[in-house]
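Because the structure is a prediction, the values reported are computed rather than measured. Count residues from 1 along the sequence.
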Amino acid sequence: MANSTPSRPGYSSTGAAGNLDLLLDIFGGEVQATYERMTIMRDKQRIFGLTNGKSLRFPRVGRTTATYHTPGTEILGKQIASGEIVLTSDDKLISDVFIADIDDALTHYDVRSEYVRQMAEALAVQFDQNSMRAVIKSARANDILGGPVSAPVTAATMATDVTILFESISKAKEQLDNNFVRVDQEEIFALFKNAQWYLMARSDKNLNKDYNGGSASMRNYVLETVDGIKILKSNITPFGNDDSANALIPTRYRQKFGTTVGAVWTRDAIATAEVQGVEVQTEKQISKQGDLLLARQMVGTDVFRSANAIELRTGVPV
């Protein structure tokens, strides 16, 4: 019996042999987007709204001392230093995309909502990275009234030695205590890149119930606190980079982070002046037959209380 020659309705005679060019693709019901980058810094600092002005000014009053009085000696009165902290905003940060109306009409899934989410996330990532840079800037800054200076915790093998990592976190807390920060009353944060976080999470010290309260196990690695400090991780930190000549960021954030391993701080270490939160705008452009989508934000983050931040690093900044 001879073989039949089937009619192939999905086969294009002008295509490659065995093609299925005329058959339709079925939409799987899900838009495959890039993974969200975890942003963590907004609730770990002070946020101040800035409207109807160019800057926010905070008066700062210094400390005084007490001395024993000798009878008959005239009391002249001591001087208490004063100054101010000024917060300003950066230029407006935007993320934009243009969608041709013909593409929008022919696309079988809602692309706009995903584009908007990606643009808003891009702004959030930039805000987080600038806040991380500001924490290190705060740790390196001198107090405006000559108060305590935050000495960095330095160890050459900190990035790879888990024992030193744990010790460095505790030393940073001790340094904050020496800076008159109320470490028993304020929430303290520590931030590391993923490599250091997982190094600590897998360590015997973390698995030891005396260190973390028993939340970690060999089956489920959890790293929540060390010495009462909340441990955070992020794969978008600028740690390990030299941003001193990075023209893509405002001047105030440009520093050398090549030896930075982590940071320990409280909410008062940095503050943000927020002129405009994240907003999304849409404009139909008839002359271009499409829509322009734009996400915008206008904020600026800077040093607030330098004594409230400690840098963890392997050596001199490079």
Side-chain angles (χ1 to χ4, degrees), residues 43-48 50 53 55-88 131 133-156 158 163-191 210-211 225-231 252 255 259-273 301-317:
D43 63 342
K44 296 168 182 65
Q45 59 179 291
R46 302 286 296 275
I47 305 288
F48 298 98
L50 174 58
S55 64
L56 290 167
R57 295 180 179 271
F58 299 86
R60 182 78 176 273
V61 178
R63 292 187 175 93
T64 188
T65 58
T67 56
Y68 291 99
H69 179 252
T70 301
T73 303
E74 185 176 4
I75 300 174
L76 301 176
K78 298 182 179 67
Q79 288 185 330
I80 297 179
S82 60
E84 65 178 4
I85 296 172
V86 180
L87 294 179
T88 59
S131 296
R133 295 180 178 107
V135 168
I136 301 303
K137 180 181 178 181
S138 182
R140 295 175 180 177
N142 293 328
D143 187 90
I144 62 173
L145 299 180
V149 177
S150 296
V153 178
T154 305
M158 184 186 299
T163 300
I164 291 180
L165 268 172
F166 275 96
E167 291 175 352
S168 298
I169 295 170
S170 293
K171 287 181 179 178
K173 183 177 181 179
E174 180 183 355
Q175 179 65 39
L176 289 177
D177 206 353
N178 291 338
N179 290 352
F180 303 104
V181 177
R182 294 180 174 87
V183 295
D184 297 327
Q185 300 178 24
E186 296 192 42
E187 190 172 16
I188 307 175
F189 310 100
L191 174 67
D210 291 334
Y211 277 84
T225 63
V226 173
D227 200 5
I229 299 172
K230 187 174 182 179
I231 309 299
R252 75 167 94 189
Q255 297 180 86
T259 59
T260 302
V261 175
V264 176
W265 78 98
T266 74
R267 283 189 176 88
D268 280 341
I270 60 173
T272 290
T301 307
D302 217 331
V303 178
F304 198 61
R305 287 185 177 272
S306 60
N308 290 49
I310 306 294
E311 181 183 7
L312 309 181
R313 65 194 194 194
T314 58
V316 177

Please round to the nearest 0.5 Å and tell me the distance separating atom [atom1] of [X] and atom [atom2] of [Y].
X	Y	atom1	atom2	answer
Lys44	Glu187	NZ	CD	7.5 Å
Lys173	Ile229	NZ	CD1	6.0 Å
Arg46	Thr301	CZ	OG1	13.5 Å
Thr88	Arg57	OG1	CZ	10.0 Å
Ser82	Ile144	OG	CD1	9.0 Å
Glu174	Asp227	CD	CG	10.0 Å

Taking the side chain as every heavy atom from C-beta outward, state whether [X] and [Y] have any pair of such atoms under 4.5 Å apart.
X	Y	result
Met158	Glu167	no
Leu312	Lys171	no
Thr67	Lys78	yes
Leu76	Glu74	yes
Ile169	Ile231	yes
Val261	Leu165	yes
Asn178	Pro148	no
Val264	Leu176	yes

Does Asp184, at its CG atom, have more than 12 non-hydrogen atoms belonging to other residues, nucleotides or ligands within less than 6.0 Å? no
Are there over 12 heavy-atom neighbours, none belonging to Glu84, within less than 6.0 Å of that residue's CD? yes
Heavy-atom closest contact ([X] atom, [Y] atom, distance):
X	Y	result
Ile136	Ala263	CD1-CB, 3.7 Å
Val181	Ala307	CG2-O, 3.6 Å
Arg63	Ile80	O-CG2, 4.2 Å
Asn179	Ser150	ND2-OG, 3.1 Å
Ser131	Ile270	O-CD1, 3.6 Å
Gln255	Arg140	OE1-NH1, 3.6 Å

Closer than 4.0 angstrom, basic N to acidic O: yes or no for Asp143 and Arg60?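 A salt bridge is present here (some side-chain N lies under 4.0 Å from a carboxylate O).
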Salt-bridge present (Glu186, Arg267; N to O < 4.0 Å):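 No, Glu186 and Arg267 are not salt-bridged.
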Ring pair (Phe, Tyr, Trp, His ring centres under 6.0 Å) partners for Phe180, two or more places apart: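 None.
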Please enumerate all residues that pass ring pair (Phe, Tyr, Trp, His ring centres under 6.0 Å) together with Phe189, with sequence neighbours excluded. Trp265
May I ask you to check whether Asn308 and Ser138 show a side-chain donor-acceptor distance below 3.5 Å? no
Would you check, one step at a time, whether the test side-chain contact (heavy atoms from CB on, under 4.5 Å) holds for Val316 with Thr259? CA-CA 7 Å; Val316 177; Thr259 59; over 6 Å; no
Checking the side chain of Arg313 only, and the main-chain atoms of Gly315 only, is there a donor and an acceptor separated by less than 3.5 Å?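 Checking the backbone N and O of Gly315 against the side chain of Arg313, a donor-acceptor pair under 3.5 Å is found.
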What class does the angle between the rings of Phe304 and Phe58 fall in, given that below 30° is parallel, 30 to 60° is tilted and above 60° is perpendicular?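 Phe304 vs Phe58 ring planes: perpendicular.
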